[in-house]
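See below for the structure under consideration.
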Amino acid sequence: VYFLNVGSLTPRKKNEALLLAFVEARQRFTRQVGLVFVGDGSERENLHRLCIELEVDELVRFHPQLTSPDLLSALYANAIGSVSYGQAGLSVLQSFSYGVPYITHREAISGGEIANLINGVNGYLVESEAELTLRLVELVNDRTLEARLSADAYRYYQSYAGLELMVETFLDACRRLDKII
């Protein structure tokens, strides 16, 4: 099992902050947990070097960008949580669609996707790196909490963000536009 970060490895994502929080948190984990980065970008080598310096390279894996639904599904299947400390984009709903809670900073860069995150229900909106560390520890050590957040993430996706719902909303907007024109 592991925490998952899907997206570009660029400075605005604050992946180094996630890595440092993970290193701090792992000392309090009650089970072995890893961290998986999926994506490419300018920070990849720096993050890999930092893993070696912090002696966690055996717990942190790097995958190139994936677009295959089957490969992504396999990765999400073993994820405790999806974490992107600095940016909350399309990976929020992607994570929910797999029943995986999402953790990000309350003021993360977002195109609006962050509005789907309900703090303490389908993930966490954290205020600081210290709180990020705390939430990682909680999710690893409290399997009931992990199960509840996972179920609520999937339930939210099905109720408010599923593909059928989005298509119907789009078609409804087109129908209303057609009446106006």
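- Applying the salt bridge (Lys or Arg N to Asp or Glu O under 4.0 Å) criterion to Arg26, with sequence neighbours excluded, gives no partner residue.
- Heavy atoms of other residues, nucleotides or ligands lying less than 6.0 angstrom from CG of Leu71 number more than 12.
- Connection of Leu149 to Tyr157 is not established within any shared hydrophobic cluster, with ILVMFWY side chains joined at heavy-atom distances below 4.5 Å, either directly or through further cluster members.
- In terms of hydrophobic clustering, with Ile, Leu, Val, Met, Phe, Trp and Tyr side chains grouped at heavy-atom distances under 4.5 Å, Leu90 and Tyr154 are assigned to different clusters.
- With a 4.5 Å cut-off on side-chain heavy atoms, Asn116 and Tyr102 do not count as touching.
- The number of heavy-atom neighbours closer than 6.0 Å to CD of Glu58, taken from other residues, nucleotides and ligands shown, is above 12.
- At distances below 3.5 Å, not a single donor-acceptor pair connects side-chain atoms of Ser150 with backbone N or O atoms of Ala147.
- You'll find the side chain of Glu16 reaches within 4.5 Å of the side chain of Leu20, heavy atoms only.
- Of all non-hydrogen atoms in Gly39 and Leu9, the two that sit nearest each other are O-CD1, 3.4 Å.
- Atom-to-atom distance recorded for Leu50:CG and Glu43:CD is 9.5 Å, nearest 0.5 angstrom.
- Among all heavy-atom pairs drawn from Tyr76 and Val100, the shortest one is O-CG2, 3.6 Å.
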Run the numbers on Ile103 and Leu139 for side chain to side chain contact (heavy atoms under 4.5 Å, CB included), then give the verdict. CA-CA 11 Å; Ile103 305 171; Leu139 269 176; 3.7 Å; yes
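- No side-chain donor-acceptor contact under 3.5 Å links His105 to the backbone of Gln87.
- Not a single donor-acceptor pair under 3.5 Å links the side chain of Asp142 to the backbone N or O of Glu138.
- Side-chain contact between Leu125 and Ile114 is present, with at least one heavy-atom pair separated by less than 4.5 Å.
- In the hydrophobic clustering of ILVMFWY residues, with side-chain heavy atoms under 4.5 Å counting as a link, Val1 and Val23 come out together.
- Inter-residue side-chain proximity for Glu24 and Leu136 is flagged as unmet; no heavy-atom pair is nearer than 4.5 Å.
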The test is side chain to side chain contact (heavy atoms under 4.5 Å, CB included); show your working for Tyr156 and Val121 and say whether it passes. CA-CA 9 Å; Tyr156 181 92; Val121 175; over 6 Å; no
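- With values rounded to the nearest 0.5 angstrom, Ser95 atom OG is found 10.5 Å from Asn5 atom CG.
- Taking all atoms of both residues into account, the shortest heavy-atom contact from Ala88 to Ala108 is N-CB, 4.0 Å.
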Walk me through it: do Leu59 and Gln32 pass the test side chain to side chain contact (heavy atoms under 4.5 Å, CB included)? CA-CA 9 Å; Leu59 296 174; Gln32 180 94 357; 2.8 Å; yes
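- Note that CZ of Phe62 and CG of Asp40 are 11.5 Å apart. Values are rounded to the nearest 0.5 Å.
- Counting only distance, with no hydrogens or angles, the side chain of Asn122 and the backbone of Leu117 share no donor-acceptor pair below 3.5 Å.
- Atom-to-atom distance recorded for Gln94:CD and Ser73:OG is 10.0 Å, nearest 0.5 angstrom.
- In this structure the side chain of Tyr98 never reaches within 4.5 angstrom of the side chain of Leu75, judged on heavy atoms.
- In this structure, Leu145 is a member of the same hydrophobic cluster as Val140, with clusters built from ILVMFWY side-chain heavy atoms closer than 4.5 Å.
- For His48, the NE2 atom sits in a loose shell: 12 or fewer heavy atoms of surrounding residues, nucleotides or ligands are nearer than 6.0 Å.
- No donor-acceptor contact under 3.5 angstrom links the side chains of Tyr85 and Glu129, judged on distance only.
- The pair Arg135-Glu131 meets the salt-bridge criterion, since a charged nitrogen lies less than 4.0 angstrom from a carboxylate oxygen.
- When the ring-ring contact (aromatic ring centres under 6.0 Å, His included) test is applied to Phe3, no partner is found at least two apart in sequence or on another chain.
- Between the side chain of Arg12 and the backbone N or O of Gly86, no donor-acceptor pair lies under 3.5 Å.
- From Thr30, atom OG1 reaches atom CZ of Arg143 across 7.0 Å, with rounding to the nearest 0.5 Å.
- Side-chain atoms of Lys13 and Leu18, non-hydrogen and from C-beta on, never get closer than 4.5 Å to each other.
- The line from CZ of Arg31 to CG of Asn141 is 8.0 Å long, rounded to the nearest 0.5 Å.
- Looking only at side-chain heavy atoms (C-beta outward), Val60 and Phe22 come within less than 4.5 Å of each other.
- Scanning both residues, Ala79 and Leu4, for their nearest heavy atoms gives CB-CB, 4.0 Å.
- Val56 and Ile80 fall within a single hydrophobic cluster, where Ile, Leu, Val, Met, Phe, Trp and Tyr are joined by side-chain heavy atoms under 4.5 Å apart, directly or via other members.
- Contact annotation: the side chain of Tyr2 never approaches that of Leu35 to less than 4.5 Å [non-hydrogen atoms, C-beta and beyond].
- Judged purely by atom type and a 3.5 angstrom limit, Thr104 uses its side chain to pair as donor or acceptor with the backbone of Ser84.
- Under the rule for a salt bridge (Lys or Arg N to Asp or Glu O under 4.0 Å), Glu113 has no partner lying at least two apart in sequence or in another chain.
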